[in-house]
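Report on the following structure.
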Amino acid sequence: MIDFHVHQPAAAAYGPDEYLAAMDELGVDVSVVFTYEGLLRPSAAANDSLAAWVAPTPERLVAFATVDPRDPGAGEEIERCVHEHGMRGVKLHPWLQGFSTHEPGLKRVCETAGRIGIPILFHDGTPPFSTPLQLAALARRHPRTQIVLGHGGLHDLWREAIEAVLTTVNVHLCMSGTPGYAMRAIVARCPLERLLFGTDAGLRPEPLQRYAVLRVRQLDELALDGAQREAILVTNPRRLLAA
Ligand SMILES: [Zn+2]
């Protein structure tokens, strides 16, 4: 199973070995890991710190870079993270990082990701800057770039997240922090090949986080059939990571 939404713990609360043990408990084979501190203060140093965290086990920990889209060097920083560190995507948080989806610098970021063939996962589900339809509009302006809604709209905007997937072919939806009843509706209505799952682990100081355990349980409670589980937990994430 591939967990498509994990954060490097803030202030080095625990190391990658401890997290790998937590992944084993959760039944997770591979985690897609983002910075957390770098979302508050995007920097090359934050990307380097994340790269060092995943470096010993690249077969189980895959890193995504972050950048400030207003930074004129954002495109180069993405390329550096991909080529020097083997990162496989970009994570952006318009709400924490304080930019709208009409920020002009996003053009450069989306074009760079589209050209390299890596996805951009956005935090979503919280106005004003992170609504699913704002991100779908951005995705339509950059049809070569694969955009992932990192939270499937959360509690308030999951219906809108379904609309975003149904109306925009390059939008994918990661169920992470999405309530169970919403996950059920998402699986029933969205094309299976555009769904992913993530725990959002990493925001608490202990490696095995209670809410991550609960999210895996929520997933199990969906009672997906074998083909659905394989698509959401293996084939779809692999396709985005290998693109
Ligand atoms: Zn997150």
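As a basis for the values below, the full set of heavy atoms in this structure was taken, side chains included, without hydrogen atoms, waters or symmetry mates. Counting starts at 1 for both ligands and their atoms, in listed order.
Ring geometry for His7 versus Phe34: interplanar angle over 60°, hence perpendicular rather than tilted (30 to 60°).
Distances from the Zn ion (ligand 1) show that His7 has an N/O/S atom below 2.8 Å. Under 2.8 Å from the Zn ion (ligand 1) lies no N/O/S atom of His151, from backbone or side chain alike.
Minimum-distance N/O/S atom of Asp200 relative to the Zn ion (ligand 1): OD1.
At a threshold of 4.0 Å, the pair Glu163-Arg189 counts as salt-bridged, since one of the basic side-chain nitrogens sits closer than that to a carboxylate oxygen.
A 4.5 Å side-chain heavy-atom check between Val187 and Met175 finds at least one atom pair inside the cut-off.
With hydrophobic clusters built from ILVMFWY side chains whose heavy atoms lie under 4.5 angstrom apart, Val169 does not share a cluster with Val171.
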